[in-house]
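No experiment lies behind these values; they were computed from the predicted model shown.
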Amino acid sequence: AAADGGDRLIKFARVGEEKYAVPASVSEVVPFAFAFANVKWVDFSSSNVTELPAGCFDGSYVEKITLSSKITRLLSDGLPEFDGIPVWARGEIWSASPAVYACEKLTVLENYQGLTEVGDSMFSYTGVTSFEIGENMRLGNNCFFYCWSLQEFNVAEGHPTLSSEDGVLFDKNKQVLLMYPAAKQGLTYTVPASVVYVADVAFLRNAELTSIAFADDSACVSVGTSCFASIATLKTITLPATLTNIGVSAFFGMATIYAEAVLAQHYKTTVNGHVTGGPAYYIRAAFKGKVGKVLATVFSVLIILALGFMG
């Protein structure tokens with residue numbers, strides 16, 4: 001990590017740190033500086049950093065990040081080919097790598113209301129529970145995807161392109177329902193009459209809903225790809241008569257994810273005092289003997305490769 005007096009933070013390499021306060025002398029953070037770092041809290045409030053670069057916290061175990069009022073940009077791009085990137089980081093380079101990404105333990109983000117630019121896919125695969133979008137904050141594409149703990153959005157009234165209602169994210173005029181948080185509380189939801197389009201993956205994998213309906217005077221004409229996919233608890237969807245287009249796999253996975261959960265519970269086992277289970281276990285149970293073991297092993301290898309290379 002950068003020592004007091006240095007102006008560039010190149011790599012945080014300490015293990016098991018509770019809190020790291022970035023020194024006041026630091027004005028620049030190098031890409032991937034905190035990638036896979038084992039630190040619970042990173043505090044930028046005393047630093048002179050103005051932006052967090054691509055890959056900054058990629059895969060980090062951080063639980064809390066405190067920004068400073070000087071930080072206005074969280075970047076997902078701008079990585080050079082290799083120029084200026086340390087050797088240890090070169091294997092992590094992709095076409096885009098959000099500054100805060102795949103930090104599954106991250107639940108607290110402080111002092112971020114001054115952000116003006118938030119890059120594509122930012123905060124995806126994190127544990128954030130709520131997010132306030134300031135009136136000058138511009139969000140990139142696919143932010144907050146796979147945030148299974150997210151409960152609500154709150155958008156400032158003066159934002160030029162976005163709005164929120166009851167924690168749900170919409171475009172400015174509430175004609176497009178952009179995202180219904182995956183952990184939002186409530187068993188039922190009625191899509192407002194003003195909504196014309198429900199965006200791709202808008203309701204993806206919500207953990208609470210049992211019923212979704214559209215207002216009686218709904219203007220909705222289209223629902224996007226996978227917009228209702230993988231909602232294990234969902235029992236009913238009442239679609240409007242105005243609907244003319246349903247995206248590919250809009251309802252995919254509502255039954256399969258429930259079946260996977262039931263099978264995982266049924267075939268779980270205890271190993272060395274720890275309960276374990278999942279697809280590999282019920283595959284072995286379904287296909288007895290050597291065939292079951294081979295198929296379970298193949299599945300395990302393929303899922304590791306999929307998660308490793310596709311996120």
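- Ser230 approaches Leu204 most closely through the heavy-atom pair CB-CD1, 4.3 Å.
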#### Entry: side-chain contact (heavy atoms from CB on, under 4.5 Å) between Thr107 and Ser149, worked out
CA-CA 9 Å; Thr107 57; Ser149 299; over 6 Å; no

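- In this structure, CD1 on Ile237 lies 7.5 Å from SG on Cys227, to the nearest 0.5 angstrom.
- Here the side chains of Leu9 and Val49 are not in contact, with every heavy-atom distance at 4.5 Å or above.
- One finds the OG1 atom of Thr50 at 9.0 Å from the CD atom of Glu28 (value rounded to the nearest 0.5 Å).
- Applying the side chain to side chain donor-acceptor pair (under 3.5 Å) rule to pairs touching residues 34-47 yields Glu18-Lys40, Trp41-Thr66, Asp43-Ser45, sequence neighbours excluded.
- Lys184 and Val168 make their closest contact through CE-CG2, 3.9 Å (heavy atoms, listed as atom of the first residue, atom of the second, distance).
- Grouping the Ile, Leu, Val, Met, Phe, Trp and Tyr side chains by contacts below 4.5 angstrom, directly or via other members, places Ile212 apart from Val196.
- Linking Ile, Leu, Val, Met, Phe, Trp and Tyr whenever their side-chain heavy atoms come within less than 4.5 Å leaves Leu75 and Phe144 in two separate clusters.
- Put simply, the residue from Thr188, Thr236, Thr238 that forms a side-chain hydrogen bond (donor to acceptor under 3.5 Å, both in side chains) with Ser211 is Thr236.
- More than 12 heavy atoms of other shown residues, nucleotides or ligands fall within 6.0 angstrom of atom CG in Asp217.
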### Query
Is there a side-chain contact (heavy atoms from CB on, under 4.5 Å) between Phe214 and Thr190 once you walk through the steps?
CA-CA 5 Å; Phe214 287 73; Thr190 300; 5.9 Å; no

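- Leu302 and Val294 fall within the same hydrophobic cluster, defined by Ile, Leu, Val, Met, Phe, Trp and Tyr side-chain heavy atoms under 4.5 Å apart, directly or through other members.
- Of the possible polar contacts, none joining the His159 side chain to the Lys172 backbone as a donor-acceptor pair under 3.5 Å is found.
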### Task
Determine, step by step, whether Tyr146 and Arg205 satisfy the side-chain contact (heavy atoms from CB on, under 4.5 Å) criterion, reporting the C-alpha distance in whole Å, the side-chain angles of both residues, the deciding distance to 0.1 Å, and the verdict.
CA-CA 8 Å; Tyr146 310 112; Arg205 206 173 170 180; 5.9 Å; no

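- Within the 3.5 Å criterion, the main-chain N or O of Leu209 finds a donor-acceptor partner in the side chain of Thr233.
- To the nearest 0.5 Å, the span separating OG on Ser60 from CD1 on Ile65 amounts to 7.0 Å.
- Interatomic distance, Met137 CE to Thr72 OG1, rounded to the nearest 0.5 Å: 11.0 Å.
- For Phe153 and Phe131, the distance between ring centers is not under 6.0 angstrom.
- A distance-only check finds a donor-acceptor pair linking the side chain of Asn206 to the backbone of Pro181 [under 3.5 Å].
- Closest approach of Val29 to Cys56, counting heavy atoms only: CG1-SG, 3.8 Å.
- By the 6.0 Å contact criterion, OH on Tyr61 is open, its count of non-hydrogen atoms from other residues, nucleotides or ligands being 12 or less.
- Within the 4.5 Å cutoff, the side chain of Phe34 has no heavy atoms near those of the Leu52 side chain.
- Leu115 has its side chain within reach of Ile71: a pair of non-hydrogen atoms, C-beta onward, lies under 4.5 Å apart.
- Inter-residue side-chain proximity for Ser194 and Lys174 is flagged as met; some heavy-atom pair is nearer than 4.5 Å.
- In this structure, Thr244 contributes its side chain and Val221 its backbone to a donor-acceptor pair below 3.5 Å.
- A 6.0 Å sphere centred on NZ of Lys235 holds no more than 12 heavy atoms belonging to other residues, nucleotides or ligands.
- Between Phe44 and Asn111, every side-chain heavy-atom pair lies at or beyond the 4.5 Å cut-off.
- Judged by distance alone, with hydrogens and angles left aside, the side-chain atoms of Thr210 form a donor-acceptor pair with the main-chain N or O of Leu187 at under 3.5 Å.
- Here the side chain of Ser69 pairs no donor or acceptor atom with the backbone of Gly114 at under 3.5 angstrom.
- Taken to the nearest 0.5 Å, the CD atom of Glu157 stands 9.0 Å off from the OG atom of Ser164.
- Scanning all heavy atoms of the two residues, the minimum distance from Gly140 to Asp120 falls at CA-OD1, 3.2 Å.
- For Lys105, the NZ atom is loosely surrounded, since the number of other residues' heavy atoms within 6.0 Å does not exceed 12.
- Side-chain contact between Val30 and Phe32: absent, with no pair of heavy atoms (C-beta onward) separated by less than 4.5 Å.
- Pairing each heavy atom of Phe12 with each of Ala37, the nearest pair is CD2-CB, 3.9 Å.
- Using modelled atom types, no side-chain atom of Lys70 and backbone atom of Ser27 make a donor-acceptor pair closer than 3.5 Å.
- Proximity of Asp7 to Ser25: side-chain heavy atoms (C-beta onward) are nowhere separated by under 4.5 Å.
- The line from CZ of Phe123 to SG of Cys147 is 9.0 Å long, rounded to the nearest 0.5 Å.
- Pairing each heavy atom of Lys11 with each of Ala35, the nearest pair is NZ-O, 3.0 Å.
- Checked by atom type and distance alone, the side chain of Tyr112 pairs as donor or acceptor with a backbone atom of Glu132 at under 3.5 Å.
- Heavy atoms of other residues, nucleotides or ligands lying less than 6.0 angstrom from CD of Glu152 number more than 12.
- Of the listed residues (Tyr189, Tyr180, Phe203), just one forms a ring pair (Phe, Tyr, Trp, His ring centres under 6.0 Å) with Phe228, and that residue is Phe203.
- Among residues two or more places apart in sequence or in another chain, the side chain to side chain contact (heavy atoms under 4.5 Å, CB included) test is passed with Leu243 by Cys220, Val223, Leu239, Pro240, Ile246.
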### Message
Run Thr126 and Leu109 through side-chain contact (heavy atoms from CB on, under 4.5 Å) and show every step you take.
### Response
CA-CA 11 Å; Thr126 66; Leu109 185 68; over 6 Å; no

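- Side-chain contact between Tyr125 and Leu106 is absent, with no heavy atoms from C-beta onward closer than 4.5 Å.
- Of the possible donor and acceptor atoms, one in the side chain of Ser163 sits under 3.5 Å from a partner among the backbone N and O of Asp171.
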